[in-house]
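Okay, structure first, notes after.
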Amino acid sequence: MSEETSKPKDFIREAILEDLRSGRYTYVRTRFPPEPNGYLHIGHAKAICIDFGIAEEFGGECNLRFDDTNPTKEDTEYVEAIKEDIRWLGYDWGEREYYASDYFEQLYEWAVELIKKGKAYVDDQSPEELSRTRGSLTEPGIESPYRNRSVEENLELFERMRKGEFPAGSRVLRAKIDMSSGNINLRDPVMYRIIHDPPHHRTGKKWCIYPMYDWAHGQCDSIEGITHSLCSLEYEDHRPLYEWFIRELGIFAPRQIEFARLNLSYTVLSKRKLLRLVKEGYVRGWDDPRMPTLRGLRRRGYTPQAIRTFIDRIGVSKTNSVVDIGLLEACVREDLNRHALRRMAVLRPLKLVIDNYPDGQVEYVEALNNPEDPSAGTRPMPFSKVLYIEQDDFRETPPPKYYRLYPGNEVRLRYAYIVKCTHVVKDEQGQVVEVHCTYDPSTRSGEGAARKVKATIHWVSAAQAVPVEVRLYDRLFLKPNPDDVEEGEDFTKYINPASLEVLYPCYAEPALATSQVGEKFQFERLGYFCVDPDSTAERLVFNRTVTLKDEWAKIASKMEASA
RNA sequence: UGGGGGCUCGUCUAACGGUAGGACAACGGACUCUGGAUCCGUUUGUGAAGGUUCGAAUCCUUCGCCCCCGGCCA
């Protein structure tokens with residue numbers, strides 16, 4: 001945010017501005033703190049854009065810090081994947097790549113300090129006892145019989161915990177706060193637990209006691225001089241605990257500000273559920289183009305810019321909300337419309353024969369690469385007597401308002417000629433297998449044809465067409481909120497069985513033959529597509545990122561609804 | 001029956017005691033060699049009731065509804 005008059009666009013930026021004005025902080029530093037136990041999804045993108053975006057706007061910096069306090073769940077594989085995804089989104093943490101495990105020694109020392117102050121104790125109760133004595137939402141907890149051990153005994157026990165003298169789960173270190181607090185987080189929360197294996201992905205077997213997130217996070221922020229620790233709503237009532245630790249330790253105090261996490265319609269965004277989709281085979285992997293993971297979106301053809309625009313547009317607030325996935329789609333259309341090269345491809349081919357066009361003749365017509373961007377230039381497209389057109393672009397008996405091809409009607413073949421349908425050829429089952437036309441040689445594109453027709457359709461020349469595979473994706477779920485389930489039901493009940501449709505052969509214009517993995521195109525009148533890594537030299541595979549807005553589909557479905 | 005949050009068009013989100021605005025969606029129109037893009041226009045909203053005030057989405061009171069918290073997860 002440029003100092004002067006520009007007003008903050010949300011309550012977080014407002015608060016930061018106020019902190020700077022009041023002198024509470026003289027600089028801004030944030031952090032993005034993922035746990036390396038899974039892949040990043042669009043919900044994380046919101047946090048990333050907020051953490052990195054805000055730091056940038058205030059001339060500060062954003063640290064990347066892996067919250068790796070639980071070796072039973074974490075792995076370096078995820079560390080690499082997370083870094084890759086953040087970079088892809090377009091953010092850079094410079095040299096500031098940190099790990100909670102970097103601070104284990106300091107955290108240990110601070111724990112000792114709290115023990116010495118009589119503010120922490122070793123508890124020998126079992127996990128079950130701990131849970132039983134924590135009380136309930138409405139009843140206070142019961143103080144542990146070990147709560148008033150001497151400082152000396154606590155010190156000795158804690159040291160022996162670190163040395164590995166006790167089995168996992170046998171003891172914990174707890175903060176001594178208030179077992180009757182209405183805030184359950186303050187009922188003597190666990191600071192350390194014993195975990196002997198697996199070894200930690202970075203510290204190996206050096207430690208067998210690991211700090212709980214609640215004990216680690218605030219102090220890590222403090223060590224790094226984080227001024228604004230931005231997190232999601234569920235940490236709101238942990239804040240008093242973090243503040244208690246910081247106060248008892250007398251160390252630098254960051255300010256935590258909570259915001260609502262992202263929910264998106266027609267999908268799920270919890271690691272647990274995403275994992276089930278993968279494990280139970282509903283999708284092909286974490287990077288399946290139907291997944292809301294950043295890898296999935298990337299493979300689907302989403303651009304970092306589209307995602308950042310989306311995050312910017314949904315804003316930041318504390319209201320629990322579900323954002324219409326249509327907004328994400330609108331953002332990617334907006335970006336791709338400006339940048340994607342136009343190409344022609346026919347997904348469901350129907351042969352079109354131009355009876356009055358010379359046999360064996362091939363001419364080249366010039367096609368715009370991007371009408372939105374003249375500098376993108378043009379390309380030649382072969383045109384000949386036998387073409388493929390989209391099955392959807394022909395009806396033997398047209399419904400009302402249907403402008404496309406039907407017997408007796410004229411349409412323009414994009415960048416080529418106006419053709420008129422004369423008759424059709426059917427197979428034994430009565431299916432139309434060939435549409436026959438005549439063309440008007442005076443209507444070639446660019447030659448100032450006076451006549452206008454209602455519709456222009458896309459096509460490819462059959463002899464030069466490249467057969468390709470196209471994968472059409474639809475929403476993963478049938479319900480806007482798949483989590484909204486009846487008693488005993490499961491979100492998997494609402495998975496869209498038709499979320500993937502594979503088409504082959506589709507016919508692409510020759511210019512597409514050399515496309516590279518990841519390249520994005522608009523297939524005219526159909527949507528945006530990108531080349532999937534499954535592509536081989538023999539068979540290109542295209543993913544449909546998103547359809548174009550389709551006015552006709554709307555009309556057609558409305559007529560169907562009223563019929 | 002405890003503690004912490006939140007309620008503004010269909011969906012997100014602005015407003016900071018002074019004309020409820022924007023985006024997406026929807027609807028209508030213009031334009032168009034993509035039924036695309038673009039442009040124009042229209043509809044729809046302050047959870048409820050009281051109070052304070054010249055004036056309330058905003059301040060106060062009461063009520064309602066929604067979300068989070070009882071891991072040795074984060």
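When reading the values below, keep in mind they use all heavy atoms of this one structure, side chains included, and skip hydrogens, waters and symmetry mates.
- When distances are taken from the side chain of Arg193(A) to each of rA74(B), rC27(B), rU34(B), the shortest belongs to rA74(B).
- In this entry the distance linking CD1 of Ile311(A) with P of rC24(B) reads 17 Å, nearest Å.
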Where each pair must be Watson-Crick or G-U wobble with both distances under 3.5 Å, what dot-bracket representation of RNA chain B is obtained, with crossing pairs in [ ] and other-strand partners as |? .((((((..((((....[..)))).(((((.......)))))....(((((..]....))))))))))).....
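- At whole-Å resolution of the value, CG in Leu137(A) and P in rC68(B) are 12 Å apart.
- In terms of polar N and O atoms assigned as donor or acceptor, the side chain of Glu372(A) never comes within less than 3.5 Å of the base of rU38(B) in a complementary pairing.
- Phe166(A) meets the ring pair (Phe, Tyr, Trp, His ring centres under 6.0 Å) test with no other residue; sequence neighbours excluded.
- Considering only the side chain of Asn70(A), rA74(B) comes nearest among rG35(B), rA74(B), rC24(B).
- In terms of polar N and O atoms assigned as donor or acceptor, the side chain of Arg342(A) comes within less than 3.5 Å of the base of rU34(B) in a complementary pairing.
- When rounded to the nearest whole Å, the span between CG of Asp237(A) and C1' of rG3(B) equals 7 Å.
- Within 4.0 Å (heavy atoms only), Ile457(A) reaches no atom of the nucleic acid at all.
- The aromatic rings of His238(A) and Tyr235(A) sit perpendicular to each other, their planes meeting at more than 60°, with 30° as the lower class boundary.
- Val316(A) comes within contact range of the sugar-phosphate backbone alone, with a heavy-atom separation under 4.0 Å but no base atom that close.
- Rounded to a whole Å, the CZ atom of Phe259(A) is 22 Å from the P atom of rG4(B).
- Evaluation of the side-chain contact (heavy atoms from CB on, under 4.5 Å) rule for Ser222(A) yields Ile246(A), Ile251(A), Phe252(A), Pro254(A) as partners, not counting sequence neighbours.
- The pair Arg338(A)-Glu334(A) counts as a salt bridge, with a side-chain nitrogen and a carboxylate oxygen less than 4.0 angstrom apart.
- OP1 or OP2 of rG6(B) has not a single side-chain nitrogen or oxygen of Thr319(A) nearer than 4.0 Å.
- Here rG2(B) is the nucleotide among rU34(B), rG28(B), rG2(B) with the atom lying nearest to any side-chain atom of Thr138(A).
- Using cut-offs of 30° and 60° for the angle between ring planes, the Trp207(A) and Phe104(A) rings count as perpendicular.
- Scanning atom types as modelled, no donor and acceptor separated by under 3.5 angstrom connect the side chain of Arg333(A) and the base of rG36(B).
- Atom CD1 of Ile177(A) and atom P of rC69(B) are 19 Å apart (whole Å).
- Note that Arg475(A) lies in the cation-pi zone of Tyr266(A), set by a 6.0 Å cut-off to the ring centre and a 45° limit from the axis.
- The distance between atom CZ of Arg261(A) and atom P of rC68(B), rounded to the nearest whole Å, is 11 Å.
- Relative to the ring axis of Phe394(A), Arg404(A) does not place its NZ or CZ within 45° and under 6.0 Å from the centre.
- In this structure, Val172(A) reaches the bases: a heavy-atom distance under 4.0 Å links it to at least one base atom across the strands shown.
- Rounding to whole angstrom units, CE of residue Met212(A) and P of rC73(B) are separated by 5 Å.
- Nearest to the side chain of Glu236(A), among rC24(B), rG4(B), rC27(B), sits rG4(B).
- Nearest nucleotide to the side chain of Leu130(A), out of rC72(B), rG6(B), rG3(B): rC72(B).
- If you check rC69(B), rG35(B), rA26(B) against the side chain of Ile184(A), the one that comes closest is rC69(B).
- Distance His458(A) NE2 to rG36(B) P: 15 Å, rounded to the nearest Å.
- Nucleic acid contact for Ile314(A): sugar-phosphate only, since backbone atoms but no base atoms lie under 4.0 Å from a heavy atom of the residue.
- Distance from the side chain of Pro371(A) is smallest to rG36(B) among rC16(B), rG36(B), rG2(B).
- Under 3.5 Å, the side chain of Glu14(A) and the base of rC16(B) form at least one donor-acceptor pair of N or O atoms.
- With Phe521(A) as the aromatic partner, Arg342(A) does not meet the cation-pi criteria of under 6.0 angstrom to the ring centre and within 45 degrees of the ring axis.
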